[in-house]
Amino acid sequence: MRIEIDRRPIWLIIILRSFRPIFFLTIGLIFFYLINLPTPDGLTIQGQRAIALFTVCLILWVTGMLPLAITSLLAIVTVPLLGILDKKETYALFGNEAVFFILGAFILSGAVMHSGLSGRIALAIMNRFGGTPKGLLASIFLLASALSFFMSEHAVAAMLFPIVLDIAKGLNLRPGRSNYAKSLFLALAWGCIIGGVATFLGGARVPLAVGMLKEATGITIDFLEYTVIVFPTVVMLLVIGYLGLTRFFPPDIEDMHLAKTVFERKMKEMGKIGYLEYAVGAVMAATILFWLFFGRSLGIANIAIVSVVGLFILKLVRWKDIEEYVNWGIILMYGGAITLGAAMEKSGAAAWMANAAIGNGISSPLVVIAIFSLLTILLTEGMSNAAVIAILLPVGIGMASRFNMEPRLITYAIAVPAGLAFCFPMSTPANAIAVSSGYITTKDMAKAGIVMMILAWLVFNLTARFYWPIIGIRL
Amino acid sequence: MKQTKTYLHNPGYLKIDLMLKGIRVDKEVLKKANMDKCRNLFDVACGIDVILPHNTWVTVPYIEDFTKDSPYELMERDGRFFITHGDESVQVSVVPTPEFYTLKTTTGIQLSRIGLVHGGYVAITPATQCDFFNKAIECRYCAGNLDIYSNKGRVYSVEDVLETVEAAYKEGKAEIVYISIGFSDTPDGGIEFLKPYIQAIKKHFNTLVAVEALPPKENRWVDETYAVGADSVLYNLEIFNPKLFDEICPGRATLIGRERYLDALRYATTIFPNGTVASHLIVGLEPIESTMSGIDYFTNIGVVPILPIYRPSLGAKLSQYKMPATKDIAPLYGHLYRAVTANKINTTWVRDISIVTTPLEGRFFVGDEARMKTWMQNFYKSRLGLKAAWSLATLRRKLKVKVGESSAHRDK
Ligand code: SF4
C-alpha cells in the first residue's frame, strides 16, 4: 500500500473535493429547470423531457464525472421514469442487435488474441518485410491497420505494443530522442486508428451508430455497404499517414539486423503453429465471410453469436480466458446510448433540436456533412468516441429528417470521423499506449496529429463529394 | 495578578517551583485527597496531581527525600485543599489517583504499568524496551524509568493496551492518548510497531492520539504516522546544542543524528496540523541561551517546543547534575510564549500537561491574559469541543490521506 499525504492547504482540498457534490447538484438543478420550462412550440412534453435528460447525459459524457456506462444506465432508467417511452419499449432497446454484435465481436477477437494467432501473424509479417527501416515502419503501420479491420483497434494496439517496444529496445533507440522510435510508435497508433474505421469490427462505435440509426429510423447499414463507402477514405489516409510518418520523423537508423534478432527470438518462443490457432483462424475467417455476404439476410449479431457458440462447442476457448476481453462497460454504454438516441428521435426532440440549432440556414447536405464531421473530429480528440456518437447522432438524425436528407449520410459523417482521433493520448487508447512507451511525447503526437486530423477531415469530405455519388449515393 | 514575595499567586511560576521543590503532605491529607493508594503501586512514579488556579495542571513530587525541605505544604480545610507557603495560601484542587490504576487486565497486568495519567493525557507505553542501555549509549539523564532492566523486552498486547485505554476513557482520563516507544532500531522510527495499537485505539474510541516516536529514516514513515491515525507527533531532540546533544544523548546522536531530528520535524509540520508537531528540550541540561535558540528554531519551522525540567534521577549518569532554580529558567517560558505567538502556532493541542509547562502557560510569565487562546483551549476541553476536535481531525485525515497501490503492485 502506498500512502500519500495531500500537502496542499486544507481549504484548497475542501474546495476541490466539494466540486463533485456541487457539480451534481448543479446538474440536478439544470435538469429540474429544463423540465419545468414552458414547453416550446413544436415540441411535445416527452420531447422536452428527452432534451433535459439528453443535456444531463451530454454533460456527464463530456466531463466523464461518471463512468460512461453508468451515465448510460442512468439514461435507461430515466427514460421510462419520465414517461418518454414506456418501460417495455425502453428495456427492449437495450437488446439491440448492435449490442449483441459488439458482445460477439469482443469474444471473437478475444479468442483470436488468446490463441496467439494474431501475434504470430504480426511477427511473421514484420519479420518478412522489416529488413529496412522504412519496410519495418510500413509493415507495423499496415499491419496495425489491417488487423484493426478485423479486431478492436484497442486490442490490436495492446497486442502489438510489446513487440514494437522490444524492437525499439533491441535497436537501442533512445526514448524521446530517436526519430525512428517516434515513427514506429506513431505508426502503431495511427495504423490502429485508420484501420479501426474501415469495418464494423475496428471499434464498437460503428455498430453503435448503426444501432442508433436503426432504432430511430428503421434504416440499416450492413457490413459490406459500410466498408465499401469508407474504404477509399481509409486507403487515402494510409497513404497520407505513411508519407506523414516518414516526413515528420525521417528515419535516423540504417542497420536493422538487431530488429531481426528480436523477431527470431520471439518466433522461437512461440513455437510452431498449433491446432488451436488454425481452428480459431478458420472460425474467424468464416465469420467475416458470413458478415460480408450474408450480413443483411442473417443479421450480423446472429452471425457473431453463432460463431461464439461455435468456439465454445469446439472447446477452442474457455469463458475464463475470454472474460478479460469483454468490455462490459462499453456494452452498457452502448445500450444506454441507443436507448437515449431512440428516445430523442421518437419523442420528436431530435428533429426539434436540429431545427432550433440550424433552422433553415443550410440547404446543402454537403455542408451538413462538413459541419457534423468537423464537430465530430474535434470532439473526439477530447472525449470518448462513443460518447461523441451518442451526443451528435440523435441531433444529426433529426437534422436529416428536417432537410429530407438520407439519414445514413449523417451516420457516416459522424461514425467515421469519431474514430479519427490522432492528436492526444486521451483521445483514444491506441495513442495512450504509444505515449506510455516513453519513446514519443505528447507534444510530438499532437504536432503530427493536428496535421493528420485536418487532412483526415478533408479526405473524408472529398470522398463524400466525389466518391459517394459514383457508388450511387444520392447527396 | 497579585504581587507577593511567594510564587503562590502566579500559576506559571508556582507550577515550576512545585515541580522543582515538591510539596509536603500529611498522611491524613493524602487520604482525604484519595491519593494514598498511590503508594501501594510500586511502579508508578507517583506525584500528586494538583490543579492550580487558571486550570493549570501540575504533578508535584511528594515522596522523594528532597520534598521534605519544600516550603510548600498541601493542607485541607472543610474538604477544600490549599497550598501554603509561610502564611500565604492558594486554593487548589487535587486530582485523585485514577481508579483504574488498581485494576488489572484480563491477562493479569496492572493497568498502571501500561498507562499513566498526566493531566488530560493517558500516556501509554506498549513496550518497555530501550536498546541504548545494552550498547551503553543511553541518554545520560535517563535512569531507565521505562522499567528497562526488570522487564526487558516486555511488550504489552494490543488487547492489554485497549483495556487500559478503555478503563481510562470510562473515567474520563483519556481526552488524548499519548502513545510512545523507547528506542527502536528500525528505519520507520517505531511507527510500524505502534501502528496496530494506534489503529485499535482509533477504531474503538473517539479520542485523539499523540505519538512519541523516533525520527524515521525516510519521510514516508512520517506520512504513515499521520495516515494510521496519529493526530500529533513528537520527535524529542531533548538537547539543542549540537555538542551537548552528542555528549548527553550519544545513542540518539550516533544512530539517528541531530540533522535527521530537525529534518523529520520540519517535514512533519507539512503533514500534521498546526500546533501538533512537538519536540522536547530539557531545561537545565544546557545553557539557557541554547534552549532559547532551540525555541526560536523550532517555532520558526512550526514545531511546538515542550520544555520539561531536568530533575536528577537516581541511577542516571547525570544524577549529580544541579537542578535549575525557578527564577533562572522562568524567562525561558515567557520566551516560549512569545515565540509561539509570533509564529502563529496553535496552542490548543499541547495543553493540560501536568509534568511540563505548556506554551500557553507561558502567558503567566509575560502578563498576557491571552483571552482568546484560553477560551479556545477551554472550548476544546469541553465535551462539545472534544467532539469537534476529534471530528475535525478525522475529517482532515480523510481529506489528506490518499491510499494507493504500491508501485511494485502496479507493475505486476
Ligand atoms: S531513549 Fe533515552 S530517554 Fe528514552 S529510554 Fe532510552 S535512554 Fe532513556
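To find a chain, count down the sequence lines: A is the first, B the second, and so on, and within it residues start at 1.
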Item to check | Working for side-chain contact (heavy atoms from CB on, under 4.5 Å), residues A:Asp6 and B:Leu399 | outcome: CA-CA 8 Å; A:Asp6 193 335; B:Leu399 291 170; over 6 Å; no

Checklist entry - Side chain, backbone, both or neither: which part of A:Arg7 has an atom under 4.5 Å from a heavy atom of chain B? => result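 Answer is both: backbone and side chain atoms of A:Arg7 are under 4.5 Å from chain B.
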
Item to check | Structural part of A:Ile5 lying under 4.5 Å from a heavy atom of chain B | outcome: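 Contact with chain B: backbone and side chain both.
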
Next on the checklist: I'd like to know whether NZ of A:Lys260 has more than 12 heavy-atom contacts from other residues, nucleotides or ligands below 6.0 angstrom.
Outcome noted: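 It does: A:Lys260 NZ has more than 12 such atoms within range.
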
Checklist entry - Does atom CZ of A:Arg174 have more than 12 heavy-atom neighbours, drawn from other residues, nucleotides or ligands, at distances under 6.0 Å? => result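 It does not: A:Arg174 CZ has 12 such atoms or fewer within range.
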
Item to check | Heavy-atom contact with chain A under 4.5 Å, split by part of B:Arg220 | outcome: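 Neither part; nothing is under 4.5 Å.
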
Next on the checklist: To the closest 0.5 Å, what do you measure between CD (B:Glu224) and CZ (A:Arg2)?
Outcome noted: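 Separation between the atoms: 13.0 Å.
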
Next on the checklist: Applying side-chain contact (heavy atoms from CB on, under 4.5 Å) to B:Lys400 and A:Ile10, what does each step give before you reach the verdict?
Outcome noted: CA-CA 8 Å; B:Lys400 289 237 162 197; A:Ile10 198 82; 3.8 Å; yes

Next on the checklist: Could you check whether any side-chain N or O of B:Lys402 sits under 3.5 Å from a backbone N or O of A:Glu4, counting only pairs where one atom can act as donor and the other as acceptor?
Outcome noted: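 The answer is no, because no donor-acceptor pair under 3.5 Å joins these two groups.
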
